[in-house]
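Please read the structure below before turning to the comments.
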Protein chains: 2
Amino acid sequence: MDRKHIGNLIRIARKMTGLSQMKLAEEIGVSYQQVQKYETGVSEISISRLSQIAQALNMPVSGFIFDKEKTMVCESPGFYGALSDDEIELLKHFRSLKNKKVKEGLLTAVKGIAGLQGKRPKKKTKPRSIRQREGETRVS
Amino acid sequence: MDRKHIGNLIRIARKMTGLSQMKLAEEIGVSYQQVQKYETGVSEISISRLSQIAQALNMPVSGFIFDKEKTMVCESPGFYGALSDDEIELLKHFRSLKNKKVKEGLLTAVKGIAGLQGKRPKKKTKPRSIRQREGETRVS
DNA sequence: TATTATTTACCACTTTTAGTTGTAATTGTC
DNA sequence: GACAATTACAACTAAAAGTGGTAAATAATA
């Protein structure tokens with residue numbers, strides 16, 4: 001994810017909409033020379049700036065972002081950005097609990113249940129601290 | 001698209017994966033104080049940095065980006081922004097559950113517990129399906 | 001409970017870089 | 001050719017990234 005590439009995308013998008021560096025610049029509130037640096041990859045672009053640019057060019061921010069192997073954007077259970085319905089429900093009801101002790105207890109209960117899996121019932125193993133989630137689509 | 005919000009997302013994601021500020025910091029090659037600034041919204045985060053962070057946390061970059069009003073999946077804006085440590089923990093362990101049936105059962109259990117409160121123990125009432133929570137900030 | 005170690009928060013300071021201005025080179029159009 | 005845009009690339013300034021030190025919480029252990 002390098003600056004040069006993003007800069008290129010910006011430049012292309014800008015030309016597509018028929019804006020000059022100058023026009024875009026004053027829309028996002030910087031000098032046009034600065035826009036130049038964005039496009040050529042000299043300056044690093046912050047998220048908020050990119051957001052402004054995307055808005056000025058009528059494009060989604062995600063249009064400039066690319067995860068490696070962009071296939072997993074929709075799936076990804078191991079990513080909180082998209083909470084599943086189950087998880088939302090869980091959270092919702094957990095939140096409704098007014099008694100702090102109950103919440104606390106419930107949490108440890110869930111922890112306990114979660115800690116159960118992967119443990120072989122036969123052999124007595126040392127408690128594994130935190131398990132790495134397995135069977136998950138790795139992002140990197 | 002403000003820094004504070006993105007910072008929150010990062011913090012939550014970090015805790016979900018069980019990393020300390022320090023660990024994350026050395027993974028992306030900055031001081032942990034700097035990570036702090038990212039999370040609290042003091043420092044602006046560049047795209048490349050966000051990319052590094054996302055990678056370190058095994059998440060797609062797009063998980064931290066949100067186009068306006070297209071606030072991914074979950075309806076309520078600022079939903080994750082306000083996840084407490086407890087809730088993060090809860091979610092984390094709930095996610096670790098591989099068995100679908102178990103998750104399902106656990107969810108109904110939590111629902112049941114949540115449904116308990118507000119019920120008068122004295123009178124034997126007909127099972128009220130789902131109770132409406134009172135005086136609570138609605139989630140959905 | 002006291003104690004120690006870990007994690008996190010806040011402080012003043014340094015260094016990097018975003019962002020500016022100025023000027024020159026390009027690319028039109030008349 | 002001249003004139004007006006758009007773009008490029010310098011040198012400089014202002015601002016924010018990034019660092020280190022220290023204190024305050026927050027586990028973890030005896």
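Proteins get letters first, then strands, A, B, ... in listed order; numbering begins at 1 in each. Keep in mind that what you see is a predicted model, and the values were worked out from it rather than measured.
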Would you mind reading off the distance between [X] atom [atom1] and [N] atom [atom2], rounded to a whole angstrom?
X       : N      : atom1 : atom2 : value
B/Ile28 : D/dA17 : CD1   : P     : 13 Å
B/Lys37 : D/dT19 : NZ    : C1'   : 8 Å
B/Lys15 : C/dT7  : NZ    : P     : 13 Å
A/Leu24 : D/dT6  : CG    : C1'   : 13 Å
B/Ile45 : D/dG18 : CD1   : P     : 10 Å
B/Glu26 : D/dG18 : CD    : P     : 17 Å
A/Asn8  : D/dT7  : CG    : C1'   : 15 Å
A/Glu44 : D/dA16 : CD    : C1'   : 14 Å

Write down the atom of [X], the atom of [Y], and the distance for their closest heavy-atom approach.
X       : Y       : answer
A/Ile65 : A/Leu50 : CD1-CD2, 3.8 Å
B/Ser51 : B/Val61 : CA-CG2, 4.0 Å
A/Gln33 : A/Gln36 : O-CB, 3.0 Å

Measuring from the side chain of B/Ser20 (C-beta onward, heavy atoms only), which nucleotide among D/dT19, D/dT7, C/dT7 has the closest atom?
C/dT7
For residues 31-43 of chain B, which residue pairs pass the salt bridge (charged side-chain N to carboxylate O under 4.0 Å, His left out) check, not counting sequence neighbours?
B/Arg11-B/Glu39, B/Arg14-B/Glu39
In the hydrophobic clustering that connects Ile, Leu, Val, Met, Phe, Trp and Tyr at side-chain heavy-atom distances below 4.5 Å, which members other than A/Tyr32 occupy its cluster, ordered by chain and number?
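In the cluster with A/Tyr32 are A/Met22.
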Is any side-chain heavy atom of [X] closer than 4.5 Å to a side-chain heavy atom of [Y]?
X       : Y       : result
B/Met16 : B/Arg95 : yes
A/Thr17 : A/Asn58 : no
A/Arg3  : B/Ser48 : no
B/Val35 : B/Ile28 : yes

Any [X] side-chain nitrogen or oxygen under 4.0 Å from OP1 or OP2 of [N]:
X       : N      : result
B/Gln21 : C/dT6  : no
A/Tyr38 : C/dG19 : yes
B/Arg11 : C/dT8  : no
B/Arg14 : C/dT7  : no
B/Ser43 : D/dA16 : no
B/Arg49 : D/dG18 : yes

Set out, line by line, the N/O atom pairs under 3.5 Å between protein and nucleotides 21-30 of chain C.
{"from": "C/dG22", "atom 1": "O6", "to": "A/Gln33", "atom 2": "NE2", "distance (Å)": "3.0"}

On the side chain of B/Gln36, is there an atom forming a donor-acceptor pair with the base of C/dA9 - under 3.5 Å, no angle test?
yes
List the residues meeting side-chain hydrogen bond (donor to acceptor under 3.5 Å, both in side chains) with B/Thr40, not counting sequence neighbours, and say none if there are none.
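None.
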Enter the distance from A/Ile10:CD1 to A/Ile53:CD1 here, rounded to the nearest 0.5 Å.
4.0 Å
Value for CZ (B/Phe64) from CD1 (B/Ile12), rounded to nearest 0.5 Å, stands at 10.0 Å
In the single-linkage hydrophobic clustering (I, L, V, M, F, W, Y; side-chain heavy atoms under 4.5 Å), do A/Val30 and A/Val42 co-cluster?
no
For a quick check of understanding: with a heavy-atom distance under 4.0 Å over all strands, which category does B/Arg3 fall into, base, sugar-phosphate or nothing?
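Counting heavy atoms under 4.0 Å across all strands, no contact is made by B/Arg3.
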Between A/Gly29 and B/Glu39, name the one whose nearest nucleotide on DNA chain C is closer to the 5' end.
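Mapping each residue to its closest nucleotide by heavy atoms, the 5'-most match is B/Glu39.
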Mind listing the N/O atom pairs, protein and nucleotides 27-29 of chain D, below 3.5 Å?
none

Using five base pairs at each end, measure the axis-to-axis angle across the helix from C/dT1-D/dA30 to C/dC30-D/dG1 and round it to 10 degrees.
40°
